[in-house]
Amino acid sequence: DQEGFGLTLNTISQMFMGFGMFKEALVYLKQALEILEQIGDKATVGTVLNNIGGVYNELSDYETAMLYFKQALSIRQQVGDKEGEALSLKSISGIYMHQGDYDVAFIYLKNVLEILRQLGAKKGESATLISIAGIFRAKGDYDTAFEYLKQSLEIKQSIGDKFGEATILNNMSQVHKLHGENEKALSCINKSLKIQQQIGDRAGEGTSLNTISQIYYAQGDYERAMEYLNQ
């Protein structure tokens with residue numbers, strides 16, 4: 001069963017990826033690619049091409065990674081693999097983001113967002129909105145970043161994802177802080193802290209307490225900053 005063999009090679013490669021053994025992963029992926037291309041399994045070829053791109057991305061060979069991501073995207077569009085198409089678009093966007101080409105990264109992420117909305121993939125949509133917010137935050141456009149975070153927050157609230165809701169409130173607090181809006185930053189982070197305490201997220205609670213401390217420290221309220229640091 002050549003198809004099964006190709007899939008097994010791909011699975012083995014992912015194990016090597018998990019251990020950070022990228023060159024070893026690449027050997028198995030290229031073997032899998034050769035077999036799957038021979039038998040004409042285009043859908044899985046798209047997956048393997050994207051995985052190879054991911055390896056080169058980890059190796060900081062962004063030019064080669066981009067070539068594989070774009071090949072994966074083309075095949076996934078041919079076979080109508082919408083979820084795969086969104087993943088490839090997101091991978092390509094990530095490289096442009098890394099290179100500081102935020103406008104192009106945004107174009108790709110908008111396409112991802114459109115596909116995920118068509119699919120009704122709420123979690124993916126929320127994550128993509130956060131990524132878009134990150135682009136505008138990097139550009140210094142904090143108002144637009146905040147608007148995308150608000151959209152993401154609404155989705156998290158609608159699906160009852162409390163952990164995600166707290167994380168986004170934390171991100172919103174950071175945007176307010178960068179904008180010099182300390183009171184709004186405190187409001188968001190306190191909401192995040194309350195949720196984290198409710199769901200027992202001790203690590204998140206510690207991060208929020210530290211963030212609150214930093215805000216009070218920046219305001220010159222050292223006594224209150226120390227109080228939150230001690231907590």
Side-chain angles (χ1 to χ4, degrees), residues 20 57-58 60 62 90-91 93-110 112-113 116-117 121-231:
N57 192 42
E58 291 289 347
S60 301
Y62 302 116
K90 188 174 182 180
S91 299
S93 171
I95 292 180
Y96 282 116
M97 181 74 174
H98 176 80
Q99 294 173 336
D101 198 341
Y102 301 125
D103 291 336
V104 178
F106 176 53
I107 290 168
Y108 278 95
L109 279 181
K110 278 204 299 184
V112 173
L113 195 60
L116 293 173
R117 282 173 173 165
K122 290 292 186 183
K123 285 187 177 181
E125 182 185 346
S126 177
T128 304
L129 287 164
I130 293 171
S131 296
I132 293 173
I135 287 175
F136 284 102
R137 177 174 167 174
K139 290 176 69 174
D141 185 349
Y142 303 125
D143 289 336
T144 305
F146 192 78
E147 286 306 310
Y148 278 101
L149 286 174
K150 273 175 66 178
Q151 290 180 50
S152 182
L153 179 65
E154 287 168 8
I155 292 171
K156 293 293 186 188
Q157 290 171 332
S158 72
I159 63 177
D161 180 359
K162 288 291 184 183
F163 183 88
E165 184 181 346
T167 300
I168 294 171
L169 283 164
N170 210 316
N171 289 343
M172 291 169 80
S173 171
Q174 293 296 325
V175 172
H176 279 309
K177 191 178 170 188
L178 288 167
H179 213 247
E181 299 170 334
N182 287 327
E183 290 307 314
K184 289 182 179 179
L186 277 172
S187 174
C188 285
I189 201 68
N190 276 312
K191 288 176 185 175
S192 177
L193 179 62
K194 186 176 181 181
I195 293 169
Q196 287 159 343
Q197 288 170 335
Q198 286 173 354
I199 65 175
D201 177 13
R202 299 289 285 172
E205 188 179 346
T207 300
S208 293
L209 288 164
N210 188 59
T211 302
I212 294 170
S213 171
Q214 289 173 2
I215 294 171
Y216 281 120
Y217 184 84
Q219 291 178 324
D221 191 342
Y222 304 125
E223 186 176 341
R224 193 173 278 184
M226 183 61 75
E227 178 189 330
Y228 279 95
L229 266 182
N230 282 329
Q231 288 184 57

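Under the side-chain hydrogen bond (donor to acceptor under 3.5 Å, both in side chains) criterion, E181 pairs with H176, H179, sequence neighbours left out. In terms of the side-chain contact (heavy atoms from CB on, under 4.5 Å) criterion, residue partners of K150 (sequence neighbours excluded) are, by chain and number, F146, E147, M172. For A105, the side-chain contact (heavy atoms from CB on, under 4.5 Å) criterion is met by S93, Y96, M97, I135, not counting sequence neighbours. Under the side-chain contact (heavy atoms from CB on, under 4.5 Å) criterion, E223 pairs with D221, sequence neighbours left out. Among residues two or more places apart in sequence or in another chain, the side-chain contact (heavy atoms from CB on, under 4.5 Å) test is passed with S91 by N50, F69. Applying the ring pair (Phe, Tyr, Trp, His ring centres under 6.0 Å) test to F136 and every residue at least two apart in sequence or in another chain returns F106, Y148. Applying the side-chain hydrogen bond (donor to acceptor under 3.5 Å, both in side chains) test to Y216 and every residue at least two apart in sequence or in another chain returns R224. Among residues two or more places apart in sequence or in another chain, the side-chain hydrogen bond (donor to acceptor under 3.5 Å, both in side chains) test is passed with K177 by Q214. Residues satisfying the ring pair (Phe, Tyr, Trp, His ring centres under 6.0 Å) criterion with F163, sequence neighbours excluded, are absent altogether. Take Q174 and apply the side-chain hydrogen bond (donor to acceptor under 3.5 Å, both in side chains) test, not counting sequence neighbours, and it matches no residue.
Listed by first then second residue, pairs satisfying salt bridge (charged side-chain N to carboxylate O under 4.0 Å, His left out) with a partner in residues 155-173 read K156-D161, K162-E165, not counting sequence neighbours. Among pairs with a residue in residues 136-145, those fulfilling salt bridge (charged side-chain N to carboxylate O under 4.0 Å, His left out) read D103-K139, at least two apart in sequence or across chains.
One distance of note links CG of L169 with NZ of K194; it measures 12.0 Å at 0.5 Å rounding. In this structure, CD on Q197 lies 4.0 Å from CG on L193, to the nearest 0.5 angstrom. Separating the CG atom in D201 from the OG1 atom in T207 is a distance of 8.0 Å, to the nearest 0.5 Å. N171 contributes atom CG, which lies 8.5 Å from atom OG of S152 (distance to the nearest 0.5 angstrom). Here the straight-line distance linking atom OG of S208 with atom CD1 of I212 works out to 6.5 Å at 0.5 Å rounding.
Taking 4.5 Å as the limit, some side-chain heavy atom of I132 sits within range of a side-chain heavy atom of T128. Side-chain contact between Y108 and K90 is absent, with no heavy atoms from C-beta onward closer than 4.5 Å.
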